[in-house]
Amino acid sequence: MKLFSVIGTYLLPLLYFFSVWLYGRGFFRGSRVAEAIKTPFLASTLLLHLLYLSNRTLWLGHPPVTSIFELMSLLSFCIAAGYLYLEARTRVRGTGYFIINLSFFFQLFSSLFIRDERNVNPILQSNWLGVHVASALLGYAAIAISAAYGFLYLMLYHEIKATKFGVIYKKLPSLEVLEGMSYRSAVFGFTLLTAAIAIGILWFRREFPESSYFDVKLIGSMLIWLLYGVGLLGKRIAGWRGRKMVILSLSAFGLAVFSLTAINFIFSEFHTFY
C-alpha cells in the first residue's frame with residue numbers, strides 16, 4: 001500500500017500535466033489526436049486518483065482530510081471529476097484546458113508537501129466530519145469551476161470588445177453559454193457550501209461545547225457563502241448578469257483559495273489539521 005501511495009504521489013501531477021497538454025493541444029493547435037484521446041486520458045487519470053485516495057485511506061486508517069495538502073488532492077480530484085461530468089452533460093469540450101490546470105496545480109502542491117500521518121486525532125475519523133469535508137470540497141470544486149468559466153467569459157468578452165477574433169473567439173462557446181455554466185456551477189457550489197456550513201456548525205457544537213464560533217476559517221466560509229448568496233439573490237431579484245456576476249464569482253473564488261491556504265496556515269485555531 002505504501003508503494004502505491006508513493007508512486008501515485010509522484011505520478012498524479014505528471015498525469016494531470018499531460019491531460020492539460022492534451023486539452024491545450026486540442027484547443028490551440030486543433031490536434032485531432034489530442035481531441036480523440038484527451039477525455040479518455042483524463043478519465044483514466046481520475047480513476048487512478050480515486051484508487052490513490054482509497055489506498056491512502058486504507059493504508060493510513062483515516063480519510064485523507066488530516067492536512068491541507070491531503071485536502072488539495074481531494075479538491076484536485078473533485079474539480080477534474082466535476083469538469084468531466086459537465087463535459088459529458090453539455091458536450092462543451094473547449095474549456096477543459098483552463099479548468100484541468102486547476103487540478104494540476106492543486107495536485108502538484110499536494111504531492112510536493114503531503115505527509116503520511118498514521119496517528120491522528122480521533123476527531124478526524126468522525127463520519128460527520130467526513131460528510132462535512134466532502135460537502136465543503138465539492139462546493140469549493142464547483143466554485144472553482146464557476147470561476148474558471150467566469151474567467152473565460154471575461155476573456156471572450158474583451159476579445160469581442162476589441163474585435164480580435166482569434167482562437168479564443170473561435171474555440172470557446174458563446175458568452176451566454178459560459179455565463180450559464182458559471183451560474184449553474186455557482187448554484188451547485190452554494191448549495192453544497194450551505195450543507196457543509198450547517199453540518200459543521202452542528203457537529204462543532206457537539207464535539208467542542210466550550211469553543212467559540214469565531215473561528216477564522218468558519219468566518220471565511222461564511223463570507224464566501226454570503227458573496228454567492230448576494231449574487232444569486234441579485235440575479236433572481238435584480239436581474240444581475242454578465243460581468244457583474246462573473247466578477248463576483250471570481251472574487252468569491254479568490255476568497256476561497258485564501259481560506260483554503262493562508263487561513264489554515266496562519267490564522268485558524270479550530271480548523272487545524274496537524
Side-chain angles (χ1 to χ4, degrees), residues 49-50 53 57 62-83 85-86 99 102-103 106 110 120-148 150 182-209 211-233 248-265 267-274:
H49 200 160
L50 179 60
L53 295 171
T57 299
H62 58 77
V65 298
T66 61
S67 76
I68 180 61
F69 302 112
E70 286 188 326
L71 291 175
M72 281 186 175
S73 185
L74 276 171
L75 184 57
S76 170
F77 174 83
C78 290
I79 290 173
Y83 167 75
Y85 169 78
L86 284 174
I99 295 173
L102 295 173
S103 289
F106 278 121
S110 173
V120 300
N121 191 322
I123 294 286
L124 296 174
Q125 299 175 355
S126 166
N127 291 330
W128 278 107
L129 177 64
V131 176
H132 166 66
V133 171
S135 300
L137 285 177
L138 286 171
Y140 279 135
I143 286 171
I145 292 172
S146 174
S182 179
Y183 172 73
R184 286 192 290 272
S185 298
V187 170
F188 190 64
F190 178 78
T191 302
L192 287 169
L193 199 57
T194 301
I197 291 172
I199 293 170
I201 288 175
L202 294 173
W203 175 76
F204 173 71
R205 177 50 62 192
R206 189 183 69 180
E207 295 291 343
F208 304 94
S211 299
S212 169
Y213 280 114
F214 291 99
D215 174 65
V216 181
K217 183 69 178 295
L218 177 58
I219 293 172
S221 297
M222 289 298 297
L223 287 175
I224 298 167
W225 182 83
L226 284 172
L227 269 176
Y228 272 102
V230 168
L232 296 177
L233 193 63
L248 185 144
S249 178
L250 289 170
S251 301
F253 175 65
L255 183 57
V257 172
F258 181 75
S259 174
L260 187 65
T261 54
I263 286 180
N264 275 325
F265 285 123
F267 301 107
S268 187
E269 295 179 0
F270 168 65
H271 279 87
T272 300
F273 299 102
Y274 301 103

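Remember, it's a predicted structure, so these values are computed and weren't measured experimentally. Numbering starts at 1 and runs along the sequence shown.
The heavy-atom pair separating Leu86 from Ser185 by the smallest distance is CD1-OG, 4.0 Å. Scanning all heavy atoms of the two residues, the minimum distance from Ile79 to Ala144 falls at CD1-CB, 3.8 Å. Considering every non-hydrogen atom in both Leu138 and Cys78, the closest pair reads CD2-SG, 3.8 Å.
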Derivation and outcome, side-chain contact (heavy atoms from CB on, under 4.5 Å), residues Phe253 and Leu102: CA-CA 12 Å; Phe253 175 65; Leu102 295 173; 4.3 Å; yes
Worked check of side-chain contact (heavy atoms from CB on, under 4.5 Å) between Tyr140 and Leu192: CA-CA 9 Å; Tyr140 279 135; Leu192 287 169; over 6 Å; no
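For residues 72-81, the pairs satisfying side chain to side chain donor-acceptor pair (under 3.5 Å) are His49-Ser73, Ser73-Gln107, with sequence neighbours left out. Counting only residues at least two apart or in different chains, salt bridge (Lys or Arg N to Asp or Glu O under 4.0 Å) contacts with residues 188-197 are absent. For residues 63-77, the pairs satisfying salt bridge (Lys or Arg N to Asp or Glu O under 4.0 Å) are Arg56-Glu70, with sequence neighbours left out.
Residues passing the side-chain contact (heavy atoms from CB on, under 4.5 Å) test with Ser182 are Ser146, Tyr149, Ser249, sequence neighbours excluded. Scanning for ring-ring contact (aromatic ring centres under 6.0 Å, His included) contacts around Tyr83 gives Tyr23, with sequence neighbours left out. By the side-chain contact (heavy atoms from CB on, under 4.5 Å) test, Leu226 pairs with no residue at all, sequence neighbours left out. Legend: residues meeting side-chain contact (heavy atoms from CB on, under 4.5 Å) with Leu193, ordered by chain and number and at least two apart, are Ile143, Ile197, Ile224, Trp225. With sequence neighbours left out, the side-chain contact (heavy atoms from CB on, under 4.5 Å) criterion links Ala196 to His132, Ser135, Ala136.
Looking only at distances, no side-chain donor or acceptor of Ser110 sits under 3.5 Å from a matching main-chain atom of Phe106.
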